[in-house]
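First up is the structure itself, then whatever we jot down about it.
Letters A, B, ... are given to chains in the order of the sequence lines, protein chains preceding strands, and every chain is numbered from 1. Basis for what follows: all heavy atoms, side chains included, without hydrogens, waters or symmetry-related copies. Computed from a prediction, not measured in an experiment: that's the story for all the values here.
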Amino acid sequence: MDIEDRIFSIIKSLNPPQQEATTVVNGPVQVIAGAGSGKTRVLTTRIAHLIYSGVEPSEILALTFTNKASKEMTARIGQILNYQAANRIWAGTFHSIFARILRYEAEYLNYPRDFTIYDQEDSNSLIKQIIKDLKLSIMDITPASIHGVISRVKNDMVFVDEYKNIASTSFEKVVAQVYEEYQNRLRENKAMDFDDLLLNTLVLFTQFPDVLKEYQDRFRYILVDEFQDTNRPQYRIIWNLAKAHSNLFVVGDDAQSIYRWRGAEIKNILNFLKDFPAAKQIRLEQNYRSTSTILNAANSLIVNNPNQIKKNLWTNNESGNKIDVIDADDDNTEASLIANKIMQLIKQDIKYSDIAILYRTNAQSLLLERSLRTYNVPYQIFGGLSFYQRKEIKDVIGYLRLLVNKNDSVSLLRVINEPPRGIGKTSLDHIMEYASKNRFSLFDAMSNSNEIQALQARAKITTKNFTETIHRYSEQLEDSTLEDVVPAFLEATGIFQMYKEIDTREMTERWQNIEQLVNDIILFGKDNPNQSISDYLQQISLLTDFDTKEFEGNKIAMMTLHTAKGLEFPVVFIAGMEKGLFPIIRSKNSKEEEEEERRLFYVGITRAEKRLFLTYAKRRARFGEYTYQSPSNFLYEIDINFLNWSDSRKKAPSFSQSPNDFYSKSAKPNFKPNTPKPNIYADKPHSDNYSQISDESTYKLGDIVMHSYFGEGKISAINGQGQSLKLTIDFKSVGRKQIMAAYAKLERFK
DNA sequence: GACCTGCTGATTTTT
DNA sequence: TCAGCAGGTC
């Protein structure tokens with residue numbers, strides 16, 4: 001089959017809206033693509049068709065949400081056309097593509113080409129340093145929380161000067177101070193954080209029209225995947241690039257927007273039609289993925305979100321099994337019930353690799369893992385700490401970063417005493433004082449350590465040796481291969497020796513990981529003789545765990561619901577369907593946040609093709625303390641006709657399910673009139689639910705108490721005595737909970 | 001300056 | 001519950 005036949009046989013197999021979306025070549029197009037409606041197929045076929053129609057691959061910019069998605073897209077296009085063409089497409093994440101552009105154009109922004117990209121951890125340690133240096137006394141505020149605010153502010157495109165003006169509370173004023181210093185130091189360190197990659201690209205395009213023009217001409221065709229999750233700077237960048245030719249194609253689904261907390265604006269979908277009034281709107285509403293039971297269940301859930309674009313997602317697929325809702329006595333039991341169920345499924349000819357377990361928080365994976373191991377179920381976890389975020393790897397990368405960017409003080413501070421070389425807190429204080437007094441970078445101050453009077457003779461020698469080593473190897477790097485320089489340099493720093501010893505002593509795999517990294521670098525050098533170590537470093541700084549891991553062999557996949565976006569599995573388990581955990585409790589449970597949680601659940605449900613299991617535990621250990629959980633209100637929102645609630649519900653927990661009248665605002669499940677409330681406790685009248693023997697000496701009915709985690713609540717029942725004294729408390733934050741008084745840190749409210 | 005220990009706060013989600 | 005860190009000791 002030649003290329004033409006291949007493309008047209010694919011196009012012929014598409015439904016009419018899909019065909020339109022793939023073959024309209026010019027002009028703005030907005031596709032609202034429901035879950036499982038063949039979005040990826042449309043994207044790849046469209047790009048193949050564009051190239052077939054005469055568009056140069058290098059004129060196409062395809063932005064995806066993960067590196068993995070872009071790799072897969074490129075691979076598929078390669079299969080249809082050829083790999084040379086596919087590899088010339090500019091495909092990648094926003095962050096990776098713009099990092100690449102910023103590298104080319106760095107001098108416009110007064111940055112060196114080899115600028116360093118700071119990840120979250122790097123940013124946090126820089127902020128920690130700033131807090132210390134500015135002597136800010138802020139109790140209860142962590143560097144991470146300040147960075148969170150700064151990141152949010154940056155995503156809203158509020159620059160330092162503006163933020164300083166609008167900061168009103170004392171906390172905001174502190175943030176403003178840190179924000180200003182943070183940006184200064186990023187610049188001094190010749191570094192950008194993740195948000196800067198977007199903001200600086202925007203600055204580049206808006207302040208240098210010639211540069212913008214160049215990229216407008218280069219990217220004559222732009223495609224954006226997961227458009228609902230773009231934030232403001234991302235949208236502005238796309239808009240700037242596309243306004244010259246308007247060949248902008250965006251695909252998204254407002255019902256799957258789950259990154260609002262990171263600044264994503266669903267509004268962008270609506271703005272699109274304002275900014276590109278000529279845009280064609282195409283809806284993909286036929287779902288090819290799931291059984292009608294699963295799809296309709298998802299639909300019955302998502303109608304509870306009032307604000308959404310109207311669509312009618314339907315399927316021709318068979319109705320299939322009902323959705324199993326499994327309740328477990330506690331979190332351990334939940335994990336083993338899942339493992340058991342999986343083993344049953346395996347006997348029915350389902351492969352491990354057909355199954356995924358999804359959960360709300362990474363912390364949940366621990367118990368699940370333990371139980372899968374007990375039952376010998378092979379699994380693979382995606383997400384969480386990526387290879388490149390491991391301590392030993394970050395240490396090595398810290399050294400390598402110094403080779404290309406000596407101004408990177410975050411990396412310098414990270415490695416200066418790793419392995420211990422006698423430069424501790426006191427010496428560092430002297431060096432930093434000298435650096436700031438003379439407006440030197442930390443590295444330059446160390447190079448001049450002879451001039452620092454306060455410094456001990458020994459420290460002077462060590463710092464001098466240290467900086468000389470860096471100098472020597474960074475010079476070598478200019479005319480030698482990575483293979484020749486990198487291992488020798490790392491050996492010279494002593495970091496190899498240190499981890500070899502740790503590995504033998506503590507039976508860890510750290511040295512192995514380092515070997516793997518060094519091999520990877522050497523391979524990179526061989527495969528890309530024209531690229532430098534700084535190319536390598538930039539590339540890996542934007543990789544997540546999910547990007548680096550392949551689905552391997554016959555194993556179950558485990559990941560958070562967020563990570564699961566864009567994937568599909570024949571069998572899906574969603575664990576931890578409990579109030580407080582999913583939807584998760586936050587300090588302020590706003591309507592918007594609940595709607596986002598609901599969309600997240602929607603994403604989870606629609607990952608399943610054939611079978612879906614929803615599990616919850618009645619008792620779960622959180623923060624080392626067991627609490628009684630009630631089923632998630634989301635479970636009641638799904639049309640009961642699609643559910644098969646497990647039999648053990650008859651052994652109902654000994655407390656009432658009814659939402660509390662005076663307290664909980666969010667605890668009240670949103671029942672649709674056509675969805676009868678599953679009265680799962682029908683065989684237990686309310687009044688029998690708890691005996692009211694109160695331990696007069698400590699707690700009384702109606703007492704207002706403070707819980708360390710759930711906050712304020714009112715005691716509505718008291719059960720048991722002494723060690724097994726159980727309190728039923730209506731919390732403002734999570735509604736009704738049962739608490740073991742002996743374990744909970746409760747404070748009486750006067 | 002390195003090492004030990006007791007305390008505290010963490011559990012959203014990620015480029 | 002537990003990891004990471006501040007503060008103290010050698």
Starting at atom CZ of A:R370, determine the distance to atom P of C:dT1, rounded to an integer number of angstrom.
-> 12 Å
Do the side-chain N or O atoms of A:T560 get closer than 4.0 angstrom to the phosphate oxygens (OP1, OP2) of B:dT14?
-> yes
Contacts of A:E595 meeting salt bridge (Lys or Arg N to Asp or Glu O under 4.0 Å) (sequence neighbours excluded), chain-then-number -> none
When you check the gap from the basic side-chain N to the acidic O, do A:R390 and A:E509 get nearer than 4.0 Å?
-> no
Which atom names give the shortest non-hydrogen contact between A:I258 and A:R599, and what distance separates them?
-> CG2-C, 4.1 Å
Does the side-chain ring of A:W261 sit on the six-membered ring of the B:dT13 base, less than 5.5 Å centre to centre and under 30° in tilt?
-> yes
Could you tell me the separation between the CZ atom of A:R619 and the C1' atom of C:dT1, rounded to a whole number of Å?
-> 15 Å
When the distance from CG of A:L367 to C1' of C:dT1 is rounded to whole Å, what number comes out?
-> 11 Å
Gap between atoms CG and C1', on A:L385 and C:dA3 respectively (whole Å) = 13 Å
Residue-phosphate contact under 4.0 Å: A:N362 side-chain N/O, B:dT13 OP1/OP2 | yes
Results of side chain to side chain donor-acceptor pair (under 3.5 Å) for A:Y379 - residues two or more places apart only | A:E369, A:R373
Would A:E594 and A:R598 pass as an ion pair if we require N to O under 4.0 Å?
-> yes
Touch check for A:F94, heavy atoms < 4.0 angstrom, all strands: base, sugar-phosphate only, or nothing?
-> nothing
5'-most by nearest nucleotide on DNA chain B - A:R360 or A:H95 = A:R360
Nucleotide B:dT14, atom P - distance to NE2 of A:H147 in whole Å = 16 Å
For A:D119, answer base if it contacts any base atom (sugar-phosphate contacts may also be present), sugar-phosphate if it contacts only those atoms, and nothing otherwise; contact means non-hydrogen atoms under 4.0 Å.
-> nothing
Would you kindly give the CG-to-C1' distance between A:D331 and C:dT1, to the nearest whole Å?
-> 12 Å
Check whether NZ of the Lys or CZ of the Arg A:R510 lies under 6.0 Å from the centre of the six-membered ring of A:Y499 and within 45 degrees of that ring's axis.
-> no
Grab the NZ-P distance between A:K132 and C:dA6 for me, whole Å please.
-> 10 Å
Quick one: is A:T361 getting a side-chain N or O under 4.0 Å of the B:dT13 phosphate, OP1 or OP2?
-> no
Separation of B:dT14 P from A:R262 CZ (nearest whole Å) | 9 Å
State yes or no: are the ring centers of A:F551 and A:F382 separated by less than 6.0 Å?
-> yes
Using atom P of each nucleotide, how far apart are B:dT13 and C:dG4 to the nearest Å?
-> 16 Å
Could you go through nucleotides 1-4 of chain B and list every protein N or O atom that sits under 3.5 Å from one of its N or O atoms, giving the distance for each pair?
from	atom 1	to	atom 2	distance (Å)
B:dG1	OP1	A:G424	N	3.2
B:dG1	OP1	A:K425	N	3.2
B:dG1	OP1	A:T426	N	3.4
B:dG1	OP2	A:S427	OG	2.5
B:dA2	OP1	A:G422	N	3.4
B:dA2	OP2	A:N417	ND2	3.0

Give one of base, sugar-phosphate or nothing for A:Q120, where a contact means two heavy atoms less than 4.0 Å apart.
-> base
